[in-house]
There are 2 protein chains.
Amino acid sequence: MKAVEGSDGTADEVALETIHHELTSFARRARASAGRMHPELSLVSYTLLGHLEESGGCRATDLAVHYALDKSTVSRQVTALERAGLVERRADPDDNRGQLLHLTPAGTAALARVTERRREAFRARLADWSADDLARFAEYLVRYNAAAAARDGRTD
Amino acid sequence: MKAVEGSDGTADEVALETIHHELTSFARRARASAGRMHPELSLVSYTLLGHLEESGGCRATDLAVHYALDKSTVSRQVTALERAGLVERRADPDDNRGQLLHLTPAGTAALARVTERRREAFRARLADWSADDLARFAEYLVRYNAAAAARDGRTD
DNA sequence: ACTACTCGTTGCATAGTACAAGCGGCCGTC
DNA sequence: GACGGCCGCTTGTACTATGCAACGAGTAGT
């Protein structure tokens, strides 16, 4: 990694720069390898399915807002997921404009499969970490993401 | 975040699942916001410029191998960066097949600008962290990325 | 009703990427 | 020193993901 000789060069500055560099590196790698590593489900599709599972069903607009995606993008993704038999659309009894999206059993199964594969990859990478380190790393990530989400005006 | 009651529900399993979830969330957000947050330089362009700065100049093939990109992708990215005046090609005195890529002063400046903007965003998100937490978070990220890179067969 | 807003789809444009073909230079072997 | 094979790079083609704009259909306030 690049150790920056910041204007003041405090330990905080070095840590900050390292975090910046490593997260950038991670983001690039995740993007590059997502397709090859998880051919069954793209990162976005995976996330959308995950949200449907967590939320127990929601509208396409909700997904678009939540993930800062254009509604057309979500529309197309959902269309693909529906063609693949992973989600189904149900009429919204309160609003005929929209549809409520739900996972199908096949969608639930596909999500579980990919989650398990992803989790295995993480498990392998973190195999030799101590319990304390794992717990602290998890806590830091939650904290970081919460701050990032707050600044992005989102809620996840 | 989703707190999973894993099959055995040990603290390690919970931490692992949290790490999985949070890193996935981060990757998705980074991808979605990269274009809007940093219109001057895409994530890949940014990374390529960064590598040129760190390495002090290298060949296109080196970039392709290092970042697991197709050589054609790198070729086009480099062409765009050259058109933008951010990199220049120099003849390799040892091999007329290839070119050595170098940052131009404008490239160095653009990289510094985007780095500064990115760093500011990170700084804001991490503003209220203690020095110990920053240092540990940085250490964890380095450690995680090293493991991920090793499994991906790369070197950064 | 009329207007304004919302939800979703579709047409277009763009960026990023991979794969394959090809061009030209380099380096062995014979 | 010619040749075959490898290497670095570019170009053609196709595909995916994405955004913006326009639109159709439905809802809600007045």
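Proteins get letters first, then strands, A, B, ... in listed order; numbering begins at 1 in each. Keep in mind that this is a model prediction, so the values were computed, not measured.
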Completion exercise
Whole-Å distance, B/Leu69 CG to C/dC19 P, equals 12 Å
Exercise for the section: Using distance alone, with no hydrogens and no angle criterion, decide if B/Ser72 and B/Asp70 have a side-chain donor and acceptor under 3.5 Å apart. Expected result: yes
Fill in the blank from the handout: With B for base contact, S for sugar-phosphate-only contact and - for none (protein heavy atoms under 4.0 Å), nucleotides 25-30 of chain D reads -BS---
Fill in the blank from the handout: Minimal heavy-atom distance between B/Leu111 and B/Leu49, with the atoms involved, is CD2-O, 3.8 Å
Practice task
For residues B/Tyr140 and A/Trp129, establish whether the separation of their ring centroids is below 6.0 Å.
Solution key: yes
Handout entry: D/dT10 OP1/OP2 closer than 4.0 Å to side-chain N/O of B/Thr79
Key = no
Handout entry: Between D/dT10 (P) and B/Leu81 (CG): distance, integer Å
Key = 12 Å
Problem - Nearest-neighbour nucleotide for the B/Asp70 side chain, D/dC9, D/dG19, C/dC19 considered - result: C/dC19
Practice task
Examine the side chains of A/Arg28 and B/Tyr67 and answer whether a donor and an acceptor come within less than 3.5 Å of each other.
Solution key: no
Practice task
Nearest whole angstrom, please: distance from the P of C/dT6 to the CZ of A/Arg59.
Solution key: 11 Å
Practice task
Return yes if a side-chain donor-acceptor contact under 3.5 Å exists between A/Thr24 and B/Tyr46, otherwise no.
Solution key: no
Exercise for the section: Tell me yes or no: between the side chains of A/Ser130 and A/Asp132, is some donor less than 3.5 Å from an acceptor? Expected result: no
Practice task
Round to a whole Å and report the spacing from CG of A/Leu43 to P of D/dA17.
Solution key: 11 Å
Practice task
Measure from CD on B/Gln99 to C1' on C/dG25 and round the result to the nearest Å.
Solution key: 12 Å
Practice task
Specify the separation, in whole Å, of atom CG of A/Leu41 and atom P of D/dA17.
Solution key: 11 Å
Practice task
Using only side-chain N and O atoms of B/Thr61, determine if any of them is under 4.0 Å from OP1 or OP2 of D/dC7.
Solution key: no
Practice task
Would you kindly say whether A/Gln77 and A/Ser45 are connected by a side-chain donor-acceptor distance under 3.5 Å?
Solution key: yes
Practice task
For the pair A/Thr104 (side chain) and A/Glu88 (backbone), establish whether a donor and an acceptor sit closer than 3.5 Å, ignoring hydrogens and angles.
Solution key: no
Exercise for the section: Take atom CZ of A/Arg28 and atom C1' of C/dA15, then tell me their distance rounded to the nearest Å. Expected result: 18 Å
Practice task
Residues of residues 71-78 of chain B with any non-hydrogen atom less than 4.0 angstrom from an atom of DNA chain D: list those, numerically ordered, please.
Solution key: B/Lys71, B/Ser72, B/Ser75, B/Arg76
Practice task
Look only at the side chain of A/Thr18 and the backbone of B/Ala138, and say whether a donor-acceptor pair between them is shorter than 3.5 Å.
Solution key: no
Handout entry: Gap between atoms CZ and P, on A/Arg83 and C/dT9 respectively (whole Å)
Key = 12 Å
